[in-house]
Amino acid sequence: MLSESAANAFRLGPAAALTGPIARGDMATVARQYQAIQKWQPQVASLYQQFAALTGDLALRKKNGKP
């Protein structure tokens with residue numbers, strides 16, 4: 001699955017290839033995922049937040065039709 005995601009990002013560009021809860025605007029799922037990570041490995045939770053913020057920016061560019 002990771003190799004398919006990477007291939008799509010290279011083929012389509014990262015914004016066009018973006019899928020998942022952030023791409024769908026499903027912030028309730030993102031919050032649940034963050035809470036689960038916070039309980040499982042708190043030291044990783046801040047990394048998840050950083051990736052979520054970057055992915056959110058990418059999703060906004062996708063929505064606005066910008067590469």
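Predicted model only: the values in this text are computed from it and were never measured.
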Handout entry: Side chain Lys62, main chain Ala23, donor-acceptor under 3.5 Å
Key = no
Under 3.5 Å, sequence neighbours excluded: what are the donor-acceptor pairs made by side chains of residues 40-59?
residue: Tyr48; atom: OH; partner: Gln33; partner atom: OE1; Å: 2.5
residue: Thr55; atom: OG1; partner: Phe51; partner atom: O; Å: 2.7

Practice task
Report the residues that fulfil side-chain contact (heavy atoms from CB on, under 4.5 Å) with Leu60, sequence neighbours left out, ordered by chain and then residue number.
Solution key: Asn64
Handout entry: Residue pairs involving residues 19-28 (criterion side chain to side chain donor-acceptor pair (under 3.5 Å); sequence neighbours excluded)
Key = Asp26-Thr29
